[in-house]
Structures are given as C-alpha cells and as structure tokens.
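What follows is a single structure, written as structure tokens, with notes after it.
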Amino acid sequence: MVASDDEVTLKVENLRAFYTSKKGLVRAVNNVSFEVRKGESVGLFGESGAGKTSVALSILGMFDQLSRYYASTAANEENKRLWSLKDKARKKGLTSEEMGEDLPGVEGHIWFKGKDIVALDEKEYRKLRGNEITYVPQGTTKSLNPYSNIEEQASEVLWAHDEDSELVELQVMKRVLQTLDLVELGDVDLRKGMKPSQFSVGEDQRVLIAMALIPNPALMIADEPTTAVDIGLQNRILEAIQIVHDELNLSMLLISNNQGTIAKTCDRVGVMTAGHIVEFGETKRVLNSPGHPFTRAFIMSNPSMELIRKIREKGLRIRGIPGKPPDLANPLPGCPFSERCEYVQDICREKLPEYREIEKDYWVLCHRYEELPEW
Ligand SMILES: Nc1ncnc2c1ncn2[C@@H]1O[C@H](COP(=O)(O)OP(=O)(O)OP(=O)(O)O)[C@@H](O)[C@H]1O
Ligand code: SF4
Ligand SMILES: [Mg+2]
C-alpha cells in the first residue's frame, strides 16, 4: 500500500485468524490487509459474522487467548492437538504452510508504529493494550464497574499503565476531567462522582470512549460503538467520536454494520464478508458507488432514502442478500460471496479472486468487476 512507514500507525498484512470449534477450524479472518494512517479513521463494515471483531481481537493480541479458552471448555482432543502444534510452530517461528497443516490462531503481520507485533508475548502485549492501543469493546456498558464512580474508574486506566511515570494525582484528575469533557458528557465536575447506573446507556458509552482516550493512545479501536442505543443517542456518540478524532488527530479503527456510522466517522473503509475484505477505499467512493456485488447487496438491504431514489432512477431492483453467509468452518473454495451473488459464473465458484487496485487507494476482490452494471 502507498503511505510511507512513518505516516502509518497500523498496517495489517495477510492477516488470518482461525478459531477452533467442535466443527473444526472456523476461518474467521482470511488474508486481510489494510492500513490506518496517522490521524486517519478507517472503518470495517459488513454483515454479522463477517470477522470484524476477530480482526480487532487479533490486533489487540487477544484472539489466540479467547479461542484457546473456548477450545479448553469444549475439551476436544483434536483442538488440543491443534493448539499444541500451534505452540510448537510459534516457538520455531513457523507458519501453517511451513508446518504442513492449517493451524488455529493468528498468522500474518500486524505492524504497529513500524514494529511487527503479531508474535509478541502476553507480557509485551500488556504494555501496548489499554495504553498505546485502546479498545471500546462491542456490547460495552457491562465493562464498567457498577460499584465505582466514573472518576475513579477513568483514573484507574491511567494509573494502571503509568506505574513508572511521575504522574501525580492532580495531573491524573485533570486529564480525566478534560477527556470526559471532550466527549461532551456534560456537567463533568458535578457528575464525576456518579456511578454507571446513574448514567444513560449513551452516556456510559461516552465514558467508555473517554476511558479509551485517557492514556493518549496511538490507535483507538471502537467495535460497534452505537448498537443498542436510539438514533438521537447514536448521533451524539458519533459526534463525540468525530470531535475526539479531529481534536486529537487520533488514528482510529471503527467497526460497524451500520452504513450511517461508517459514513459519519470514517475516512476510508474496508467491507467485510465471510472473513475477507472484498472492497477497500475512501468511504465516499465505497458507499456512494460500491464496486463489489456484496457491498451493493449489503447497502441495498438497508437503503437510505437517497439510495432508494437513485436505485429507482437507474431502474435497479431493491433486493436484500439472499441466502445465509457461508459456514466459516467449511469455507467456499472460490469467491466468498459466490453462493449469494447474482453475477456468479463458474470461475467464481472455482477460484478465489485476487485483489485488484482499480484506482489509487481503491481495491476490489471480484473476478467480474469490469463486467458489472454501473451503480
Ligand atoms: N470463540 C469462537 N469460537 C468459534 N467461532 C467463533 C468464535 N467467536 C466468533 N466465531 C465465529 O467467527 C466468525 C467471525 O465472528 P466475528 O465475531 O469476528 O464477526 P463480526 O463481524 O464481528 O460479527 P458481528 O457483527 O455479529 O459482531 C463468525 O462465524 C463467528 O461465528
Ligand atoms: S467474484 Fe463472482 S461471485 Fe464473487 S462477487 Fe464477483 S461476480 Fe460475484
Ligand atoms: Mg463483532
């Protein structure tokens, strides 16, 4: 990709992440590549089960841990064998290909500020996570402690990571209050002593965003930051995200299956289905004139008024996505969208397409891009 290393905060290269399950390996992330430049906000947009959260967990160094945990609870001998093989491969620095067998966990490269962090051990990852890379998890508000007031919780974030520094209490408090103010919590001085139950869901969400900002990270990952809140609150949360993005010149990775969220907050976006990014480019380019049949179908399944008008003008049909997403434990041999695509041909079923750069900074994964009707 094009930006030079010092302009890039995060560069994900050929990332794959496989879970173990009762049904075998679940290929949740397949050869995913993208970068987040300094001060840029990049979105991952796509249907449920597409692998968006799995990409985030891989970047945060939490994927293997979680997958192993589920494997151990399932007590499946084959999965235990696979994880023990993975441990051997890791020690020797070998890939699945070099071991001659597909292995669970994360493989590929995750360059963060120029350093490949994919093989860091947990101790090293702990220095990054919650500090240089912060995370607002999906289904969030349960991650706040109900018994402690928000000022205490927010300042714990800083103390936890700055044991060696000379931060004094007053500085911590100042930083916490400034950040809560930045996400427009309102009446911060008055409300900092309140517990999470005294806030609305949207306010809790903003507290979590503030907590992810307090350590002054190089990258903030927010996973579905506006699910489970009404439209008015969604807009306020998105405004808060935009404000912090603009004011702090922060690099962000924003995950959502909501087109409006992506349109409002992201400079560039990758569209995901079945563990693949099928289209990547500037948000306006991708959302206004999508080139990939999946993106078109996904946007059409929940069209904006503007899009409905455009579809009618062009004589196109409004249709959702037929059928179910493919089973990632039994992935399709060719294009991941081939079972559901209205333009499918034999080649699509047989061969996975290669990424093609259609124009500068715009990639599509489709055999038939040039032949598709104009959008
Ligand atoms: N612990 C697990 N073990 C096995 N498979 C899993 C596990 N967690 C997720 N998966 C599977 O991995 C795939 C990708 O899931 P992921 O949560 O990354 O998708 P997502 O795009 O974030 O979806 P959503 O929009 O619903 O949050 C799905 O098929 C999911 O069922
Ligand atoms: S490669 Fe074929 S099946 Fe896949 S999106 Fe393109 S036209 Fe459809
Ligand atoms: Mg998710």
Side-chain angles (χ1 to χ4, degrees), residues 15-30 32 43-60 62-74 76 79 82 104-106 135-140 221-228 253-258 261 270-279 290-298 321-356 364-373:
L15 180 73
R16 60 184 235 179
F18 297 169
Y19 294 100
T20 38
S21 79
K22 280 184 198 155
K23 291 193 290 179
L25 288 178
V26 176
R27 291 152 204 267
V29 180
N30 297 280
V32 159
L44 290 179
F45 173 54
E47 65 192 335
S48 186
K52 305 178 299 294
T53 297
S54 302
V55 171
L57 295 174
S58 304
I59 297 167
L60 291 154
M62 290 159 65
F63 184 95
D64 285 23
Q65 226 173 300
L66 270 173
S67 187
R68 250 176 229 268
Y69 169 74
Y70 287 112
S72 68
T73 54
N76 174 322
N79 290 339
L82 285 169
V106 174
Y135 185 43
V136 183
Q138 187 169 5
T140 46
I221 304 177
D223 196 347
E224 303 285 6
T226 58
T227 38
L253 181 64
L254 218 127
I255 293 172
S256 182
N257 57 21
N258 183 306
T261 300
V271 182
M272 284 194 78
T273 180
H276 294 264
I277 290 187
V278 291
E279 177 163 11
H292 195 280
F294 170 76
T295 317
R296 292 180 181 191
F298 190 54
I321 308 181
K324 282 196 290 189
D327 175 4
L328 297 182
N330 290 295
L332 301 171
C335 165
F337 193 47
S338 56
E339 271 185 346
R340 298 180 289 162
C341 178
E342 59 178 315
Y343 306 108
V344 63
Q345 285 190 344
D346 286 349
I347 181 151
C348 311
R349 295 196 184 91
E350 288 154 15
K351 196 168 169 250
L352 178 68
E354 283 177 12
Y355 283 104
R356 286 191 294 155
V364 173
L365 186 78
C366 174
H367 288 299
R368 304 194 61 212
Y369 174 78
E370 277 82 10
E371 302 158 60
L372 301 175

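Whatever order the structure lists ligands and atoms in, that order sets their numbers, starting from 1. All residue numbers in this chain count up from 1 along the given sequence. Bear in mind that the values here come from a model prediction, so they are computed numbers and not experimental data.
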For A56 against I221, the heavy-atom pair lying closest together: CB-CG2, 3.9 Å
Proximal atoms of ligand 1 relative to E47 (non-hydrogen, under 4.0 Å): 21 (O)
Verdict with supporting geometry, R16 and S58, side-chain hydrogen bond (donor to acceptor under 3.5 Å, both in side chains): CA-CA 9 Å; R16 60 184 235 179; S58 304; over 6 Å; no
E47 and K324 ion-paired at < 4.0 Å: no
Nearest non-hydrogen protein atom, atom 1 (N) of ligand 1: Y70 CD1, 2.9 Å
Sub-3.5 Å N/O-N/O distance, A50 and ligand 1: yes
T53 backbone or side-chain N/O/S under 2.8 Å from the Mg ion (ligand 3): yes
Atom 8 (Fe) of ligand 2: the protein heavy-atom neighbour that sits closest, reported with distance to 0.1 Å: C341 SG, 2.4 Å
Nearest protein heavy atom under 4.0 Å from atom 30 (C) of ligand 1, yes or no: no
Euclidean distance, R340 CZ relative to F294 CZ, rounded to 0.5 Å: 6.0 Å
Protein heavy atom at shortest distance from atom 19 (O) of ligand 1: G51 N, 3.2 Å
L328 near ligand 1 by a heavy-atom separation under 4.0 Å: yes
Value rounded to 0.5 Å, distance of NZ in K351 from NE2 in H367: 5.5 Å
Atom 6 (Fe) of ligand 2 to nearest N/O/S of C348 less than 2.8 Å: no
Top protein contact for atom 2 (C) of ligand 1, by heavy-atom distance: Y19 CD2, 3.4 Å
Closest approach of any protein heavy atom to atom 21 (O) of ligand 1, naming residue and atom: K52 NZ, 2.8 Å
Protein contact of atom 27 (O) of ligand 1 - nearest heavy atom, named by residue and atom, plus distance: Q138 NE2, 2.8 Å
Distance-only polar pair, side chains of T20 and R68, donor-acceptor under 3.5 Å: no
Per-residue contact class, C366 against ligand 2 - non-hydrogen pairs under 4.0 Å: both
Protein contact for atom 8 (N) of ligand 1 (heavy atom, distance under 4.0 Å): yes
Residue, atom name and distance, where the atom is the protein heavy atom closest to atom 24 (P) of ligand 1: S48 OG, 3.6 Å
Heavy atom of M272, distance to ligand 1 below 4.0 Å: no
Sub-3.5 Å N/O-N/O distance, T53 and ligand 1: yes
Nearest atoms (heavy-atom pairs only) where F337 meets P293: CE2-C, 3.6 Å
Sub-4.0 Å heavy-atom contact, H292 with ligand 2: yes
OH-CD1 distance between Y135 and I59, expressed to the nearest 0.5 angstrom: 10.0 Å
Heavy atom of the protein closest to atom 18 (O) of ligand 1 (residue, atom name, distance): S54 OG, 2.6 Å
Atom 23 (O) of ligand 1: nearest protein contact (heavy atom, Å): G49 N, 2.8 Å
